[in-house]
Amino acid sequence: MTDPTAQDRWDAVDDYFTAALAPADEALDAALRDSDAAGLPSIAVAANQGKLLQLLAEIQGARRILEIGTLGGYSTIWLARALPADGRLVTLEYAAAHADVARRNIARAGLDGLVEVRVGPALDSLPVLEAEGAEPFDFVFIDADKVNNPHYLDWAVRLTRPGSVVVVDNVVRGGGVVDGDSSDPAITGTRTLVDRVAEHPRLSGTAVQTVGTKGYDGFLLARVTA
C-alpha cells in the first residue's frame, strides 16, 4: 500500500510538471469529464504521461500509429496530435460503449479525420488489419487487458517495421511484477511480456518505474530492430 504522504508528494510533483509542461485544454478536459460521466473507469494516462506519448511519437516521426485500448480516447488525442496532416491512427477498443464516448471526444478535438476507432476484441481486430494489408505502423501503444500483452506484442511486431517503437503501459503493477509465484493474470501476462521482449530477436527494450498521480507503476519501451 502506498504511503499517503508519499502519494501527496507524487501528486504535487505531477501537478507542477503538468501545469508547466503539459497544460490542459478544453478538448482533453472534456474527454475526461465525458468519460467520467459515462461511467468509464478512471484509468486513462495522466496528462504528463499523455504528453510523453505525444513527444515519443513526434520524435519517432510517426505517420501511422496503432493503439490497443482506447477507453475514452484521452491517450488517443495526445497521440493523434503527433501526426502530420496525412497521418493515420487506428485504435482498438473492446467495449462499444467506450468506443462511442471515444469517438465523440476525438471528434470534438478535431481529430476524427485522422483517427479510426475499431470495436471488438483486439485479438480479432489485429488479424483483420494484417489481412487488409495495412501499411506498417511506426508507433504502437498497448494499454489494454494485461493478460494478453504478450499476444499484443507479437502482433505489434508483425504490424510494424524495423525502427518502429512499441510502448506498453502499466508493467510494474505496484511492484507486483517481481512476484514470480503470482497467480494474478495481469502479473503473469506482464512477466511473459518482459521475457518475450528480452528474448525476441527483433526487439530491443527496457522498462521504467514511475510514480505520480496514477500511483506506482511504469512502462516498457521497445524498438523493432529488424
message = One pair to check against side-chain contact (heavy atoms from CB on, under 4.5 Å): His98 and Thr70. What are the steps and the verdict?
response = CA-CA 8 Å; His98 294 181; Thr70 315; over 6 Å; no
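- The backbone N or O of Arg173 lies less than 3.5 Å from a partner atom in the side chain of Asp217, making a donor-acceptor pair.
- Summarising the hydrophobic clusters (Ile, Leu, Val, Met, Phe, Trp, Tyr; side-chain heavy atoms under 4.5 Å, direct or chained), the residues clustered with Leu71 are Leu40, Ile43, Val101.
- Remark: Arg63 engages Glu135 in a salt bridge, criterion side-chain N to carboxylate O under 4.0 Å.
- A distance of 10.0 Å separates CZ in Phe219 from CZ in Phe141, rounded to the nearest 0.5 Å.
- Once rounded to the nearest 0.5 Å, the distance linking CG of Leu159 with CG of Leu129 reads 6.0 Å.
- Across every non-hydrogen atom of Asn105 and Gly72, the tightest pair is ND2-O, 2.8 Å.
- Both Val172 and Val194 are assigned to one and the same hydrophobic cluster, defined by single-linkage of ILVMFWY side chains at heavy-atom distances under 4.5 Å.
- Taken to the nearest 0.5 Å, the CG atom of Leu92 stands 8.5 Å off from the OH atom of Tyr152.
- Residues Val140 and Val167 do not share a hydrophobic cluster, defined by chaining ILVMFWY side chains whose heavy atoms lie under 4.5 Å apart.
- Residue Asn148 holds its CG atom at 13.0 Å from CH2 of Trp155, rounded to the nearest 0.5 Å.
- Screening Arg88, Arg161, Arg64 against Asp138 for a salt bridge (Lys or Arg N to Asp or Glu O under 4.0 Å) leaves a single residue, Arg161.
- The closest side-chain heavy-atom distance from Ile68 to Leu126 is below 4.5 Å.
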Requested in this report: Would you check, one step at a time, whether the test side-chain contact (heavy atoms from CB on, under 4.5 Å) holds for Glu132 with Val128?
Outcome: CA-CA 6 Å; Glu132 290 172 351; Val128 173; 3.4 Å; yes
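- When all heavy atoms of Val171 and Val168 are compared, the closest pair comes out as CG1-O, 3.6 Å.
- A donor-acceptor distance shorter than 3.5 angstrom exists from the side chain of Lys51 to the backbone of Leu21, with no hydrogens or angles considered.
- Shown here for Ile77 and Ala27, the closest heavy-atom pair between the two residues is CD1-O, 4.3 Å.
- Two residues are said to be in side-chain contact when any heavy atoms from C-beta on lie closer than 4.5 Å; Leu111 and Leu83 fail this criterion.
- The nearest pair of heavy atoms linking Pro201 to Thr225 is O-OG1, 3.9 Å.
- The residues Arg81 and Asp25 are annotated as salt-bridged, a charged nitrogen and a carboxylate oxygen being separated by less than 4.0 angstrom.
- Residues Leu52 and Leu32 share a single hydrophobic cluster, defined by chaining ILVMFWY side chains whose heavy atoms lie under 4.5 Å apart.
- The line from OG1 of Thr18 to CG of Asn48 is 4.0 Å long, rounded to the nearest 0.5 Å.
- A salt bridge links Arg108 with Asp34; the closest basic N to acidic carboxylate O contact falls under 4.0 Å.
- Contact check on Arg196 versus Asp154 returns a salt bridge, with a Lys/Arg side-chain nitrogen under 4.0 Å from an Asp/Glu carboxylate oxygen.
- For the atom pair CG (Asp124) and OH (Tyr94), the distance works out to 9.5 Å, reported to the nearest 0.5 Å.
- Annotation for Ser125 and Val119: closest pair OG-O, 4.3 Å, computed over non-hydrogen atoms.
- Counting only distance, with no hydrogens or angles, the side chain of Gln7 and the backbone of Gly212 share a donor-acceptor pair below 3.5 Å.
- For Arg9, the CZ atom is loosely surrounded, since the number of other residues' heavy atoms within 6.0 Å does not exceed 12.
- Between the Lys214 side chain and the Ala44 main chain, a donor and an acceptor come within less than 3.5 Å of each other.
- Residues Val147 and Val177 fall into different hydrophobic clusters, defined by Ile, Leu, Val, Met, Phe, Trp and Tyr side chains chained together at heavy-atom separations under 4.5 Å.
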task = Could you give me the CA-CA distance, side-chain angles and deciding distance for Val157 and Leu203, then say whether side-chain contact (heavy atoms from CB on, under 4.5 Å) is met?
result = CA-CA 8 Å; Val157 175; Leu203 292 174; 3.9 Å; yes
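- Asn149 places no side-chain N or O within donor-acceptor distance of the main-chain N or O of Leu193, the cut-off being under 3.5 Å.
- We find that Asp36 and Arg33 are not joined by a salt bridge, their nearest charged nitrogen and carboxylate oxygen being 4.0 Å or further apart.
- Both Val45 and Leu89 are part of a single hydrophobic cluster, where members link through side-chain heavy atoms under 4.5 Å apart.
- A side chain to side chain donor-acceptor pair (under 3.5 Å) with Thr76 is found for one member of Glu67, Arg103, Glu93 and no other, namely Glu67.
- Of all the heavy atoms in Leu114 and Gly87, the pair that sits closest is CD2-O, 3.4 Å.
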